[in-house]
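Letters A, B, ... are given to chains in the order of the sequence lines, protein chains preceding strands, and every chain is numbered from 1. None of these values were measured; they are calculated from a predicted model.
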Protein chains: 2
Amino acid sequence: MSETPPHRKRDASATTEAILTAAREVFTEKGYDGAGTREIAERAQVNVALISRYFGSKEGLFAAAVPPMMTLDAVLAGDMAGFGTRLAASLTHKTARKGFDPMLALLRAASSPEAVPVLRQALQAQVLHPLADRLEGPATLERAALIGALVVGFDLLTRVLGLTATGADAMDALEQTLAKSVQALVDQR
Amino acid sequence: MSETPPHRKRDASATTEAILTAAREVFTEKGYDGAGTREIAERAQVNVALISRYFGSKEGLFAAAVPPMMTLDAVLAGDMAGFGTRLAASLTHKTARKGFDPMLALLRAASSPEAVPVLRQALQAQVLHPLADRLEGPATLERAALIGALVVGFDLLTRVLGLTATGADAMDALEQTLAKSVQALVDQR
DNA sequence: GTCTATATAATGATAGAC
DNA sequence: GTCTATCATTATATAGAC
């Protein structure tokens with residue numbers, strides 16, 4: 001053997017994957033502005049220059065990392081009669097999920113002009129339209145948007161701003177009321 | 001007269017007011033991270049150094065400028081039977097309000113750690129609690145929080161991310177559905 | 001009370017060696 | 001395919017003259 005110290009793997013796809021994974025985590029925690037390319041590279045155990053190499057720019061990295069992961073498939077699976085309950089449970093039972101969280105990433109990037117266009121497009125195509133397609137009756141897109149608003153606002157208040165329900169029964173009341181509001185939007189016609 | 005060229009007024013209170021007004025506008029437009037002290041000073045027609053002089057830091061300026069203005073008084077005035085309608089109208093009829101907008105400022109600062117504590121406190125004390133006090137029945141604070149989530153989420157989707165309802169009748173449907181959802185949370189018991 | 005000038009630190013991006 | 005080194009820009013904050 002000869003010399004080959006500094007890097008673990010000479011594989012472009014493994015490198016890009018490591019960058020994407022790290023980027024998703026850091027964007028989730030710090031938002032678009034707060035996430036630095038150096039920190040992302042460090043977490044990926046990769047040289048900073050490779051971010052520009054493979055993704056062109058921080059903006060390109062964000063677009064490749066976050067929007068493709070935005071989906072509602074998990075809660076859309078199942079009958080729509082139980083949608084409100086499922087959705088409310090998924091929002092209140094977020095058991096300190098660490099790592100990537102598309103919703104947090106969206107909330108913490110929404111104030112950055114570079115991120116807004118791709119976020120809007122992904123939200124439309126991958127969340128609101130699929131949800132609207134599962135609704136019956138009039139104004140399905142508008143009702144889907146209001147369900148989206150409820151979800152987004154709930155997460156903003158509780159997980160970004162850190163508002164807390166005081167006590168376990170308050171949490172129950174919150175979850176039930178949320179489920180009811182969502183289901184009312186689903187059942188409306 | 002002798003020499004006195006570069007500044008219009010030698011008055012601390014006028015200067016701090018000019019800074020506060022400019023800061024509110026810039027924070028609204030650009031968010032906490034995006035707003036630069038230079039830009040704020042320029043818009044206030046004031047020297048940059050005076051921001052540190054009077055507010056200590058950018059964080060101090062934000063705390064002095066935005067949170068004290070967060071209030072729900074305008075829509076809380078009136079009987080609660082019409083609250084949903086009033087609130088929905090105030091959200092959808094935002095006729096391109098220019099200048100300071102507390103809700104936009106909140107949304108665009110929520111991803112910045114320096115802004116979160118003061119935003120949470122102001123939201124609790126000046127918005128959610130006053131609203132909860134006007135509600136009757138059980139779990140008033142939780143229902144107030146969900147109304148807040150709906151409002152915050154709605155503005156995030158429409159004004160920060162720029163989702164648009166397609167057509168005037170779609171806007172009507174949106175407004176009516178929103179009013180209905182809010183009022184259901186008010187009337188619940 | 002306000003100014004200029006600067007200290008200090010961080011950023012995103014790139015050129016070119018290996 | 002990956003590295004080091006650096007460029008260029010920008011940011012907040014402060015010291016000290018006026």
Side-chain angles (χ1 to χ4, degrees), chain A residues 1-23 26-27 29-66 108-109 111-115 118, chain B residues 1-20 22-23 26-27 29-66 108-109 111-115:
Chain A
M1 299 90 178
S2 52
E3 79 300 35
T4 31
H7 36 275
R8 316 155 299 178
K9 32 187 175 182
R10 293 182 172 274
D11 177 352
S13 82
T15 299
T16 59
E17 271 312 312
I19 293 173
L20 285 173
T21 300
V26 180
F27 281 131
E29 295 166 14
K30 310 258 189 110
Y32 184 86
D33 291 331
T37 53
R38 281 165 171 74
E39 181 178 1
I40 294 173
E42 188 181 4
R43 192 173 307 201
Q45 292 183 287
V46 146
N47 190 282
V48 209
L50 299 181
I51 291 183
S52 305
R53 183 83 165 75
Y54 290 123
F55 299 97
S57 64
K58 179 182 174 178
E59 186 175 346
L61 173 57
F62 180 85
V66 175
R108 297 208 167 107
S111 45
S112 304
E114 308 94 311
V118 293
Chain B
M1 299 87 181
S2 53
E3 79 298 36
T4 29
H7 37 275
R8 319 154 297 179
K9 32 185 176 181
R10 294 182 171 273
D11 177 354
S13 81
T15 300
T16 58
E17 270 313 312
I19 293 174
L20 284 173
V26 180
F27 281 131
E29 295 165 15
K30 310 259 188 107
Y32 184 86
D33 291 332
T37 53
R38 281 158 168 60
E39 182 178 1
I40 294 173
E42 188 180 6
R43 192 172 307 200
Q45 291 183 289
V46 147
N47 189 281
V48 209
L50 298 181
I51 291 183
S52 306
R53 183 83 165 75
Y54 290 122
F55 300 97
S57 65
K58 179 181 174 179
E59 186 176 347
L61 173 58
F62 180 84
V66 176
R108 296 208 167 108
S111 44
S112 304
E114 308 94 310

For [N], take OP1 and OP2 only and decide whether either is under 4.0 Å from a side-chain N or O of [X].
X	N	result
A:S57	C:dG12	no
A:N47	D:dG1	no
A:T15	D:dT2	yes
A:S52	C:dG12	no

- Query: With a 4.0 Å cut-off, would you call A:E39 and A:R43 a salt bridge?
  - Reply: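 Yes, charged N to carboxylate O under 4.0 Å.
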Send over the distance from [X] [atom1] to [N] [atom2], rounded to a whole Å.
X	N	atom1	atom2	value
A:D11	D:dT2	CG	P	7 Å
B:Q45	C:dG1	CD	P	19 Å
B:K58	D:dT14	NZ	C1'	17 Å
B:E39	D:dT10	CD	P	13 Å
A:E114	C:dG12	CD	P	10 Å
A:D33	C:dA10	CG	C1'	14 Å
B:I19	D:dA13	CD1	P	13 Å
A:E59	C:dG12	CD	P	13 Å

Among the candidates [options], find the nucleotide nearest to the side-chain atoms of [X].
X	options	answer
B:A49	C:dC3, C:dT2, C:dG12	C:dC3
A:L50	C:dG1, C:dG12, D:dC3	D:dC3
A:Y54	D:dA15, D:dT4, D:dT2	D:dT2

- Rounded to the nearest 0.5 Å, what's the gap from CD on B:E17 to CG on B:D11? Could you check?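 It comes to 10.5 Å.
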- Under 6.0 Å from the six-membered ring centre of B:Y32 and within 45° of its axis: does the NZ or CZ of B:K58 meet both?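 Yes.
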- Using a 4.0 Å heavy-atom cut-off across all strands, classify B:A35 as base, sugar-phosphate, or nothing.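 Contact class for B:A35: sugar-phosphate only.
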- For B:A12, answer base if it contacts any base atom (sugar-phosphate contacts may also be present), sugar-phosphate if it contacts only those atoms, and nothing otherwise; contact means non-hydrogen atoms under 4.0 Å.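 Here B:A12 touches the backbone only, sparing every base.
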- Item | Residue met sooner reading DNA chain C from 5', once A:I51 and B:S13 are mapped to nucleotides |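 The 5'-side residue here is B:S13.
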- With DNA chain C as reference, determine whether B:V48 or A:T37 sits nearer its 5' end, using the nearest nucleotide of each.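 Result of the comparison: B:V48.
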- Do B:F55 and B:T16 come within less than 4.5 Å of each other through their side chains, counting heavy atoms only?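 With C-beta onward as the side chain, the pair touches.
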- Message: Could you tell me if the side chain of B:F62 sits less than 4.5 Å from the side chain of B:E114, heavy atoms only?
- Response: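 The answer is no; the side chains never approach within 4.5 Å.
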